[in-house]
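Okay, structure first, notes after.
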Amino acid sequence: LSLYSSPARETKYVENPKTELEEGVSRLRQVMEPYTAWCQLGLWFVFSALELTGSSKVKVDSSLCSGFFSEGYEFLQKPPAGFYPRLGVISFAGIIGLFLARGSKIKKLVYPAALMGIGTSMYYPQQAVAIAKVAGTQLYDWSLQGYIAVEALWKDN
């Protein structure tokens, strides 16, 4: 006989409520499920075709992949002076943008991108000017096309 008896407990399993992040990931996985199934089906066709032809090895041009990854690895091993502090400031600007973008989904897209763009343009002004010129001409072209489309609709009616 035990000197210390423990009372019989009634245990009940309680599931933790899902957070917004978990709900978002769940919705994203449900939306992407047909596409992932399609990709898996495509890979199944590729591998079954390889088995039918008798080729057991997939041939990949390794010069493309290895060159890209080796350049990136070398760049991160020997970065230019001040690269990591710049990267930190730009990333922090994006996080501040996410923090400020409470509310609509459009704000969550625009604020971080805008603040990261401002942070990047502080460190890389020449590239920012080049991108702004290209973006300006593209925006002008799109607005002109929109104006022409609205004008055509207006004249048709």
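FYI, side chains are in, hydrogens and waters are out, and symmetry mates aren't considered; it's all heavy atoms of this structure.
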Under the criterion side chain to side chain contact (heavy atoms under 4.5 Å, CB included), which of V89, I90, I131 is the partner of T120?
I90
Shared-cluster residues of I148, by chain and number - hydrophobic side chains joined below 4.5 Å
Y140, L144
According to ring-ring contact (aromatic ring centres under 6.0 Å, His included), who are the partners of F92, at least two apart in sequence or on a separate chain?
none
Quick note, ring-ring contact (aromatic ring centres under 6.0 Å, His included) partners involving residues 108-133, not counting sequence neighbours, are none
For the student: nearest non-hydrogen atoms of K108 and G103, plus distance:
CE-O, 4.4 Å
Does Y84 have R86 sitting over its ring (NZ/CZ under 6.0 Å from centre, angle to axis within 45°)?
no
Quick test of your reading: applying salt bridge (charged side-chain N to carboxylate O under 4.0 Å, His left out), list the pairs with at least one residue in residues 130-154, sequence neighbours left out, ordered by first then second residue.
E151-K155
Can you tell me how far the OG atom of S91 sits from the CG atom of L115, to the nearest 0.5 Å?
12.5 Å
To the nearest 0.5 angstrom, please state how far the CD1 atom of I95 sits from the CG atom of L100.
12.0 Å
Which pairs of donor and acceptor atoms, one on a side chain in residues 14-32, lie under 3.5 Å apart (sequence neighbours left out)?
{"from": "T19", "atom 1": "OG1", "to": "E22", "atom 2": "N", "distance (Å)": "3.3"}
{"from": "E22", "atom 1": "OE1", "to": "T19", "atom 2": "N", "distance (Å)": "3.1"}

Check whether L109 and F99 end up in the same hydrophobic cluster, where Ile, Leu, Val, Met, Phe, Trp and Tyr are linked by side-chain heavy atoms less than 4.5 Å apart.
no
Please table the atom pairs, donor to acceptor, closer than 3.5 Å between any side-chain atom in residues 75-83 and protein atoms at least two apart or in another chain.
none

Show the nearest heavy-atom pair for residues P112 and G94, with the distance to one decimal.
CB-O, 3.7 Å
